[in-house]
**Q** 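Provided herewith is a single structure, encoded as structure tokens, for subsequent inquiry.
Heavy atoms only: backbone and side chains are in, while hydrogens, waters and symmetry mates are out.
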2 protein chains.
Amino acid sequence: MTEFKITQAQKELVEKLGVYYEKSGMQPAACRVMALLIVSDQTELTFEEIQQILNISKSATSGAINLLITANRVEYITRPGERKRYFRAKILNWKVDMIQNMSQMTSVSALLKEINKQRPKSSKEFNNTLAEMISFLEFVNAEIPALFKRWEAKK
Amino acid sequence: MTEFKITQAQKELVEKLGVYYEKSGMQPAACRVMALLIVSDQTELTFEEIQQILNISKSATSGAINLLITANRVEYITRPGERKRYFRAKILNWKVDMIQNMSQMTSVSALLKEINKQRPKSSKEFNNTLAEMISFLEFVNAEIPALFKRWEAKK
DNA sequence: TACTTAGTTCTGCAAATTCAGAACCATGTA
DNA sequence: TACATGGTTCTGAATTTGCAGAACTAAGTA
């Protein structure tokens, strides 16, 4: 039985980051696992370590890990001769994730467009505001690549 | 008893937009109310109209409306001589909302910064990736005003 | 004063979520 | 073959959520 632990300060960071992740609707245990993989000194943790550090059941651990893997937020590696898997946060892909996240705006603006099309002409101010929102969302969406470029340039 | 209704097409838009709002963790009924106030031909609806169109109970209607008011997403007006309130989506403030939403990134990046500070020097690649994320989040955050300006200019 | 209107608040149920515990399985090892 | 390891899956219990229904309140009206 490994007895790897994290410090009190780290525990608090796991909680804080965990709560942040919860806002996106993921279940608490999965959020803690995700947070732990970011906060922990080791970037790669085994099933057992995760379970013990967070003090949750095997089923909760299994469920959380698989959820995160499905959501493409966690991956695992194996080591030659070991059956254990080493789980780690998939943060190297953060740019792809962020682009995907930002691009969700596109789907909203498409929906808002559809809505605005069916709105009566009479509610002019409202429609105009909606049109402005759509215009801005589309603009931002189109600007994303440029945003990355300017960031790269500035570094 | 008023018998104001919405079309089938509108109902579907309310559902779609409602589901979109649900992603942010708000309760279903409140999301439907919000969506209705965007989709409906009338931009201002009474308590009774909302309740009847969405076919929900008074308590659900009351709860949803008050939640939305607290979240600053809905406001109401009154008309002289009438006791009823007319509720409407507070979309005219969309810029403020959007800036606030985007600025939430700042809070995450602050937290990530705190985390990165306590990480061991040994996990170099991980720390660097984290630092890059933070850098990008801060950059985007700083760029928000400029983004609005460029959008205005382009219009 | 009694009644209507416009909503609020309380009670409680039904459904969904989340997780622990135990049994189970698959692979490797002695 | 027996046992250990690294999980997965099933069951069910404890919360939590979301809302209906009914009672209630506050303000205006006849």
**Q** To the nearest angstrom, how far is Met26(A) atom CE from dT17(C) atom P?
**A**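 Met26(A) atom CE is separated from dT17(C) atom P by 15 Å.
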**Q** May I have the distance from Asn66(A) (atom CG) to dT18(C) (atom C1'), rounded to whole angstrom?
**A**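 Those two atoms, CG and C1', are 16 Å apart.
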**Q** Indicate whether OP1 or OP2 belonging to dG7(C) is found under 4.0 Å from a side-chain N or O atom of Ser62(B).
**A**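 No, Ser62(B) has no side-chain N/O under 4.0 Å of OP1/OP2 on dG7(C).
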**Q** Tell me whether Glu44(A) is salt-bridged to Arg79(A), with the criterion being a basic N under 4.0 Å from an acidic carboxylate O.
**A**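 Yes.
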**Q** Grab the CD-C1' distance between Glu82(A) and dT29(C) for me, whole Å please.
**A**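 Computing the Glu82(A):CD to dT29(C):C1' distance gives 15 Å.
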**Q** If the test is side-chain contact (heavy atoms from CB on, under 4.5 Å), which one of Ile56(B), Ile53(B), Ile50(B), Val19(B) qualifies with Arg32(B)?
**A**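 It is Val19(B), the one option of Ile56(B), Ile53(B), Ile50(B), Val19(B) that forms the side-chain contact (heavy atoms from CB on, under 4.5 Å) with Arg32(B).
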**Q** Let me know the distance between CD of Glu22(A) and P of dT17(C), rounded to the nearest Å.
**A**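 Taking atom P of dT17(C) as the reference, CD of Glu22(A) is at 15 Å.
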**Q** Can you name the nearest heavy-atom pair linking Asn116(B) to Ala131(B), along with the distance?
**A**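 For Asn116(B) and Ala131(B), the tightest heavy-atom pair comes out as ND2-N, 3.7 Å.
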**Q** Starting from C1' on dT9(D), measure out to CZ on Phe47(A) and report it in whole angstrom.
**A**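 Roughly 12 Å, once rounded to whole Å.
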**Q** Do the ring planes of Phe136(A) and Phe148(B) sit parallel (below 30°), tilted (30 to 60°) or perpendicular (above 60°)?
**A**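 Phe136(A) and Phe148(B): parallel rings.
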**Q** Please determine if Glu138(B) and Lys113(B) form a salt bridge, counting it only when a charged side-chain N lies under 4.0 Å from a carboxylate O.
**A**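 Counted as a salt bridge, because a side-chain N and a carboxylate O are separated by less than 4.0 Å.
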**Q** Quick one: do the Ser135(A) and Trp151(B) side chains pair a donor with an acceptor below 3.5 Å?
**A**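 A pair is found: one side chain offers a donor N or O, the other an acceptor, under 3.5 Å apart.
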**Q** Checking side-chain polar atoms at under 3.5 Å, does Gln10(A) have a donor or acceptor matched by the opposite partner on Asp41(A)?
**A**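 Judged by distance alone, the side chains do pair up.
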**Q** Could you check how far CZ of Arg85(B) sits from C1' of dG7(C), rounded to whole Å?
**A**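 After rounding, the reported distance stands at 7 Å.
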**Q** Heavy-atom nearest nucleotide on DNA chain C for Pro28(A) versus Lys84(B): which residue maps closer to 5'?
**A**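 On the 5' side of the pair lies Lys84(B).
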**Q** Within this structure, what is the CD1-to-P distance between Ile65(B) and dG7(C), rounded to whole angstrom?
**A**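 After rounding, the gap between these two atoms is 7 Å.
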**Q** Are there any protein N/O atoms within less than 3.5 Å of an N/O atom in nucleotides 25-28 of chain C, and if so, which ones and at what distance?
**A**
residue	atom	partner	partner atom	Å
dT27(C)	O2	Arg83(A)	NH2	3.0

**Q** Within the sub-3.5 Å range, which N or O atoms of nucleotides 20-23 of chain D have a protein N or O partner, and how far apart are they?
**A**
residue	atom	partner	partner atom	Å
dA20(D)	OP2	Ser57(B)	N	2.7
dA20(D)	OP2	Ser57(B)	OG	2.6
dA20(D)	N7	Ser59(B)	OG	2.7
dG21(D)	O6	Ser59(B)	OG	3.0

**Q** Considering all heavy atoms of both residues, which atom of Met34(B) and which atom of Ala89(B) are nearest to each other, and what is their separation?
**A**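 Of all heavy-atom pairs spanning Met34(B) and Ala89(B), the closest is CE-CB, 4.0 Å.
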**Q** As a test of understanding, state which of Arg85(B), Lys90(B), Arg88(B) forms a side-chain hydrogen bond (donor to acceptor under 3.5 Å, both in side chains) with Glu75(B).
**A**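 Considering Arg85(B), Lys90(B), Arg88(B), a side-chain hydrogen bond (donor to acceptor under 3.5 Å, both in side chains) with Glu75(B) is found only for Arg88(B).
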**Q** How many whole angstroms separate atom CD of Gln27(A) from atom C1' of dT15(D)?
**A**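 In whole Å, dT15(D) C1' lies 14 Å from Gln27(A) CD.
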